[in-house]
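Sequence lines set the chain letters: A, B, ... in the order given, protein chains first and strands last, and positions in each chain run from 1. The model shown is predicted, which means the values in this text are computed figures rather than measured ones.
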Amino acid sequence: MAGKVLMRGTHVLGEAAVRAGCRAYFGYPITPQNELPEYMAAAFAKMDDAVFVQAESEVASINMVMGASIAGARVMTSSSSPGISLKQEGISYIAAMELPAVIVNMMRGGPGLGNIAPAQGDYFQATKGGGHGDYRLIVLAPAYGQEIADMTRQAFDLADHYRTPVMILGDGMMGQMMEPVEFPEPLAVKSLPRKDWILDGAKGRPSRVIRSLWLDTALEEELNWRLARKYEMISRELADQEMYLVDDAELIVVAYGTAARIAKGGVHRLRETGLKVGLFRPKTLWPFPSARLATLSRHIDQMVVFEMSTGQMVEDVRLAVEGRCEVSFYGRPGGVVATPEEIARVLSSAYHRKASFEGGGSRSWQAQGYTNLGSA
Amino acid sequence: MAGKVLMRGTHVLGEAAVRAGCRAYFGYPITPQNELPEYMAAAFAKMDDAVFVQAESEVASINMVMGASIAGARVMTSSSSPGISLKQEGISYIAAMELPAVIVNMMRGGPGLGNIAPAQGDYFQATKGGGHGDYRLIVLAPAYGQEIADMTRQAFDLADHYRTPVMILGDGMMGQMMEPVEFPEPLAVKSLPRKDWILDGAKGRPSRVIRSLWLDTALEEELNWRLARKYEMISRELADQEMYLVDDAELIVVAYGTAARIAKGGVHRLRETGLKVGLFRPKTLWPFPSARLATLSRHIDQMVVFEMSTGQMVEDVRLAVEGRCEVSFYGRPGGVVATPEEIARVLSSAYHRKASFEGGGSRSWQAQGYTNLGSA
Amino acid sequence: MSLKIVFSGFGGQGVLMMGYVLAVAGMNEDKHVTFLPAYGAEVRGGTANCTVVVSDEEIASPIASSPEFVVAMNHPSMIKYQNMVKTGGTMFLNSDLISGAPPREDIKVVRVPANSLAHEMGNDRALNMIMLGAVMSTVGIVSEKALAQAVETVLEGKKKSLVEINQKALAKGSQYISSSR
Amino acid sequence: MSLKIVFSGFGGQGVLMMGYVLAVAGMNEDKHVTFLPAYGAEVRGGTANCTVVVSDEEIASPIASSPEFVVAMNHPSMIKYQNMVKTGGTMFLNSDLISGAPPREDIKVVRVPANSLAHEMGNDRALNMIMLGAVMSTVGIVSEKALAQAVETVLEGKKKSLVEINQKALAKGSQYISSSR
Amino acid sequence: MKKVFSRPESLKETPFHYCPGCGHSIIHRLVAEVIDELGIRERTIGVPPAGCAVLAYNYFDVDMAEAPHGRAAAVATGIKRMLPDRIVFTYQGDGDIAAIGTAETIHAASRGERVTSIFVNNAIYGMTGGQMAPTTLPGQVTTTTPGGRAPLRDGNPIDLSEMLGVAAGSVYIERTSVTSPKNILKTKKAIKKAFTVQLEDRGFALVEILSPCPTNWKMTPVDAARWVDESMTKIFPLKVIKDVA
Amino acid sequence: MKKVFSRPESLKETPFHYCPGCGHSIIHRLVAEVIDELGIRERTIGVPPAGCAVLAYNYFDVDMAEAPHGRAAAVATGIKRMLPDRIVFTYQGDGDIAAIGTAETIHAASRGERVTSIFVNNAIYGMTGGQMAPTTLPGQVTTTTPGGRAPLRDGNPIDLSEMLGVAAGSVYIERTSVTSPKNILKTKKAIKKAFTVQLEDRGFALVEILSPCPTNWKMTPVDAARWVDESMTKIFPLKVIKDVA
Amino acid sequence: MKGRIEIDEERCKGCGLCVAVCPKKQIEISDRLNTKGYYPACFQEAMAPDPDKIECTGCALCAVCCPDVAIEVYRETKDESKDKDQEKEG
Amino acid sequence: MKGRIEIDEERCKGCGLCVAVCPKKQIEISDRLNTKGYYPACFQEAMAPDPDKIECTGCALCAVCCPDVAIEVYRETKDESKDKDQEKEG
Ligand SMILES: Cc1ncc(C[n+]2csc(CCOP(=O)(O)OP(=O)(O)O)c2C)c(N)n1
Ligand SMILES: Cc1ncc(C[n+]2csc(CCOP(=O)(O)OP(=O)(O)O)c2C)c(N)n1
Ligand code: SF4
Ligand code: SF4
Ligand code: SF4
Ligand code: SF4
């Protein structure tokens, strides 16, 4: 597969995983990400050092991931919203045991069974920890096919480097859409850094234990602060974003993933009409690029957060901005995909300080707290 | 059971549930809340209109709760951290189907298996939605035995009134500690408001469906905004807090549940030494009493958030305060229970603008963003 | 320059391949392209459709709420999309399966008897490439050469004869348009 | 006025009942009280302990990191708590099972031969109320009457004789202290 | 002439969304006919799965509750325990009941819940587009076993019904198919019996129905029926697995 | 005189935290003896449960991984699939394996995972303080069945091992007890065989061991052993349930 | 003509199960698409209007097999058949 | 004295299983608590130091049953027993 190829997002992710040295996949089917396990099944069937298991459930698959990671493998699982909810206990354990793992969530409309259309309602679950206890996931949010390839490679490296689970957060559209992609050279599994903590039998060394139980509260607190320090470090080292035409912008739209590319289209159109608008796209949702956004908030009048949900990331934006500029929100939840034209209209009416937006649903926060502009 | 009785928190919760008309309990054992299912088993064994089922797992129990609620019952389940993670898919469905249900989480040390000591690491999971999609739980956080009784009654009423799941968020200590409690009179189940939406067989009426699947994205979006409006209403109507000596306070400590009563002890001691400190205790974690806190932030220099975690509610405090006063954090995660003396020391050193605190772990946020003062 | 085409029809009419070939051709000419197939429950019931965007700039959304061009290979598809086509846009109809026309004055309609032309060629399954050839000779955002190449890429590994048949079909489709001008 | 007592010993020595009776007595005298038993894994291995706080004000924490009073019914419990007792505090030891004393100058130690006294009474299981009686006659935050009542509440439904035995035991415990003054 | 065959009352007019020749359609009709014949339409509550039959509530004219994938038995338990005099049934595919729902189903049977389960075994994940099911046959090609199911790698087909037969609380378990008028009528009898067991308050009853999925098997409906008779029944023999008098 | 009985190598010196007379202690020793005798200590990886045996890694001197409650079979699958030449065993209580872990266990068996499972059936939830287990006997008093387990309300004891016998991928399933020297030695033989099956790469093997919990049964260790022999074996007969040559 | 069926062509998905099962071969798949895009089954009658050519016995096997409940079946009642016989005689 | 056992009194939890199983009744529960608070089992020898009174055969049944691996068992070797016999003769 040399040069550019046209592939759907799920397949791009699968191929990038194989090239990143992923040799274990455990999952359970769910739309809209079935083409990923299907790709892994086909790819691994041709390799003799790789394992694909279609588990009996998402709960089983996340625990198989735990086992494979304990055994030292670069391992991945994937699902979509309801299936990811079922993995929460396992994810909390994996984080607590400081095991590397890559977890893919191709979000669909929710809550509940919802639908299979692209949505962004799982931001909180991904970034604040849907599982119990103090832990974080590194959350990468690709917006383009090429980025899926690049971030997948990055995800496996980060997971091993920090010994922590990493989530790739996409949506049905990211997964189904085909775009031209170029892949990096495959990594040789042998070339990957050795792991001296895995369980592979106590041959010529003391036996090891990998655990998350610390009945002694002092030890449990120690674990909690060790994790907290690790997360601090990650926050400093990893936060990343795309900034598009923000330098002279009076208004910027903040969006990630599919919503961001649509918002970018909106910004593009408005710039043609001379409006000073820009885009801020977090590429890492956790750690959230707060520092950068905080800096921007000093010389920008307002930010419009656009999400395919009723408003989740907007909280992290407000945390970063801390009232230094106006923050308003525009949302299209439930699998509805807004058009660039629609976003352009929303932004220009915000730009011209129109009170409320057509369609969708919107809210805004002035420096003095919270007001609701009603919703569609 | 007339007049004051001395009971442990889990039993208080169970008795209050029975008196609130709860007639169905589905759960799975986990320390430190086993005395609650044990109480329900004993109580319901004596009643012929009540159902206790020890399910095969937390996943099964939350889905049995779904069924009992669909059939119109006042129903409850309870667990502790890891078990609550397993319920996340079901909780998302229950919220999406707009079913009333009461879910109890007696938090323990985490992440992972952690330990069975009291902790507050599940705040994010409870308040931001650990499950997938845009939904919220009403989250009540009792700090005293009597409050467990009162909030349990309230929880069932709110669940039915708003047709939404309500969580009672306690911890191992809340559950195990005995305090004097007085119970309200039992409610007669027949006296409870009729539910005209339940499934009990389509006798003399059109057949009904209770569902969360909306393949048509327009309908799914409609559901999402309907829920969003419901949550807005709840935020306006329900946010509640205890404020102790805040009027003249220069520093207030913000804490909930067990942490709050300890913090209150600290405040008490400092007041005796003349320091102008107070306590702000959210009684509802969602909706978070942001408006009140925002108002306070206008004439108070700093707030110290104390949690038995590495810092979660502190984000909601910062969202409410939006940089209007300094916010710093002190945490004891992992099941460690701080003493009032310890909190007093922390508060007074903050009061005297000492940079860092002894023990535990701490951070502080100036108006200009984020700094870390290191952690134990 | 940017344009959006929707291809639609029954499953088995090779609708997805039409879009795929076009997208590959666009990619090979270093344009920005996206290809979005309908998926999941939409598909059940045997209808298929996909949206292709070819553009000189980065593509914001792969979805076409009002496409410039719609290709309808059967009657239900015409019904489904006739009101979505952008004013001034064009609707390509497989006249063998579609009698009647969309009730609109503001769009062009091009009829192509894809089934019959395919039958003439002695290859009924080639109707999709015939239609694509016809569409492209009208729209012309990618070169005929690029399309022919794309067919090779898409059918990589398949037998040579099949590739040639499909390339012939592309040609036949565009001839049909030129000759009927 | 507020005080914290830890009761500790083997399971079966009625340690939890001591705390429970005290807490109920405190409640009946309208004091603030908390009772916190050790739970879960702590318990396995057959040791038991609980902490009671009785206070005129709202109680911040039911946990005693440095209790004013500790009651140790067996040797392991003395070892476990001897360093936690607050300076100036008192440790009550069941002298029948505990020889030796905590290595501290800054706390008082009261020895009560609970087992033997219970045996004298002809009821070995009453050792816990005997110890409680002894403790309370020293500490005296709740009245003897309240304690006696509390026993009734706690043993509600049990046979009257049992109640009386336990009340006698309370009395015997406090007599032991006064007589040994 | 008089009408000798027409649409059951308990079935709404809505046309099925199922593919041509799909067994779900036949089974829906049979369940509706049984509900009619037992006269329980107004006291029946159904719990459909996540699966192709997720929209069953569009077709059955009885109260219907949704359940998360695999949890129908637990949801049904919750309903039945609160309303013991109502008739509660679950309708589940093989992935729903025999993969993700294994524990809920086995324990409902073990508890002897008074619930009737219709288990539609089409040896594939239909709704999600043809992945391997726990009941997929050795060698069968699916989208996650492109080279055919290899038991050593992909595991063996699971005999859930036989396992349920072991459960002390199950009263009646039968495996049937819908590949011919004869088998269809047998299936209807089995469904009727499974509902009757509940009406008689005797315990858990389940009918496993071998059912064609022409779409994902990539066969014509007629060939699909033949494949059930010739291949599926070898691994899943049609029989009464348990019948406690 | 020469030492004829002493502590196995694969057991660390750490004293057990288990209660007096607890079956877990005996079973730990047996597993360690088998690991010694097979000479596989350095290539064995164990997966303990959430349960009283959660701290098993304090006792076995082999690599040990924790698993969430009930998921040992899935964790073991992940390990074994990546390291096929290592020996992987799970050690689970009845609640862990037969309640919350039902699906993971049955599917590991159905897939024929090369894993050995030690299933300690003490008819109760020990670690959490004596609640009903899926294996609790009818009439048995537990903290969640204060009046004794009433099958109509609380369900019946589950025969997980018999169900696992139905699974095509299971090779060897036996039920034993540790109530006498004879039974203890039989149990050791069974454990050895279950490990051998894995060494021979033949499939899934499990030994269900009836094991006393004097603490939660509120019996002396001696009475507890008698109760196993007289009551438990009536519902859970000691026998080879499956043994594929 | 002992029996007769009516096929709802809009419900029919042309699966062909009825065609395969009809012992008298009274059903065929038509070559006209219905609006859903399927080629529906149709009853002899539609093609051969002459009642005497119809062999349908109203056995209803087709209806029993029809997944989409697209078939209604009618059968001659006793008296109807009597009348017929009389016709014949008369 | 054919056999002998050593009981680690600190490991012993006094469960009494060895006492129950010993065919020669060579084991008793002592009345002294160990530091863990249990009454450990002890071997005859401890009470009756006269070797000839010891009937322990070293059958190891106690050790097999001991949950806490608190028992080590020793048995006379062939030559040892020979020596003894000679003693007797001499
Ligand atoms: C938790 C969760 N996991 C996965 C899915 C996706 N899903 C829906 S139906 C289904 C299986 C469908 O197969 P089956 O149960 O055999 O029913 P069929 O469609 O074949 O009738 C799956 C995996 C889901 N909805 N929820
Ligand atoms: C998800 C989850 N649910 C519940 C628990 C609490 N828990 C720990 S062990 C256990 C069951 C113990 O019983 P069993 O498996 O029979 O083992 P035993 O202790 O009797 O040896 C339970 C319910 C948990 N740790 N995690
Ligand atoms: S996919 Fe299969 S099971 Fe689903 S509707 Fe179509 S034929 Fe029926
Ligand atoms: S509680 Fe029961 S199983 Fe657990 S250690 Fe004690 S005796 Fe053993
Ligand atoms: S069986 Fe029914 S759906 Fe199938 S072809 Fe005949 S009439 Fe049509
Ligand atoms: S069996 Fe072991 S633990 Fe039990 S009494 Fe004998 S020596 Fe002690």
Portion of Leu227(A) that has a non-hydrogen atom of chain B nearer than 4.5 angstrom
side chain

What heavy-atom pair brings Gly311(B) and Asp134(A) nearest, and what distance separates the two atoms?
N-OD1, 4.3 Å

Taking CZ in Arg163(B) as the centre, count heavy atoms belonging to other residues, nucleotides or ligands within less than 6.0 Å. Is the count above 12?
yes

Can you tell me how far the CG atom of Asn115(A) sits from the CD atom of Glu221(B), to the nearest 0.5 Å?
11.0 Å

Among Gly114(A), Ala96(A), Ser80(A), the residue with the most heavy-atom pairs under 4.5 Å to chain B is Gly114(A)

For chain A, the option from Asn105(B), Ile94(B), Asn224(B) that forms the most heavy-atom pairs under 4.5 Å:
Asn224(B)

Which answer fits Gln312(A), side chain, backbone, both or neither, if we ask what part of it has an atom under 4.5 Å from a heavy atom of chain B?
side chain

Output the option from Leu223(B), Val321(B), Thr217(B) having the highest count of non-hydrogen pairs under 4.5 Å with chain A.
Thr217(B)

Could you grab the distance from atom CD of Glu322(B) to atom CZ of Arg324(A), nearest 0.5 Å is fine?
10.0 Å

Determine whether Glu89(B) and Glu58(A) make a side-chain contact, defined as any pair of heavy atoms from C-beta on separated by less than 4.5 Å.
no

With chain B, which of Ala126(A), Gly335(A), Gly83(A), Gly131(A) has the greatest number of heavy-atom pairs at distances under 4.5 Å?
Gly131(A)

Output for pair (Leu113(B) CG, Tyr93(A) OH), nearest 0.5 Å, gives 4.0 Å

Is chain B contacted by the side chain of Leu319(A), its backbone, both, or neither, given a heavy-atom distance below 4.5 Å?
both

Between Ala218(A), Ser235(A), Gly133(A), which shows the greatest number of heavy-atom pairs under 4.5 Å with chain B?
Gly133(A)

Which atom pair, heavy atoms only, marks the closest approach of Trp225(A) to Gly331(B)?
CZ2-O, 3.3 Å

Interface residue of largest heavy-atom contact number with chain B, from Gly334(A), Gly112(A), Gly110(A), under 4.5 Å:
Gly112(A)

Choice from Gly109(A), Ser92(A), Ala291(A) maximising heavy atom contacts with chain B below 4.5 Å
Ser92(A)

To the nearest 0.5 Å, how far apart are CG in Leu86(B) and OG in Ser85(A)?
11.5 Å

Counting only non-hydrogen atoms closer than 4.5 Å, does Asp316(B) touch chain A with its backbone (N, CA, C, O), its side chain (CB onward), both, or neither?
side chain

Closest-packed option against chain A by number of heavy-atom pairs under 4.5 Å, given Gln88(B), Lys128(B), Arg211(B):
Lys128(B)

Do you know which of Leu213(B), Val59(B), Asp122(B) has the most heavy-atom pairs under 4.5 Å to chain A?
Leu213(B)

Gap between atom CZ of Arg318(B) and atom CD of Glu315(A) - 0.5 Å precision
11.5 Å

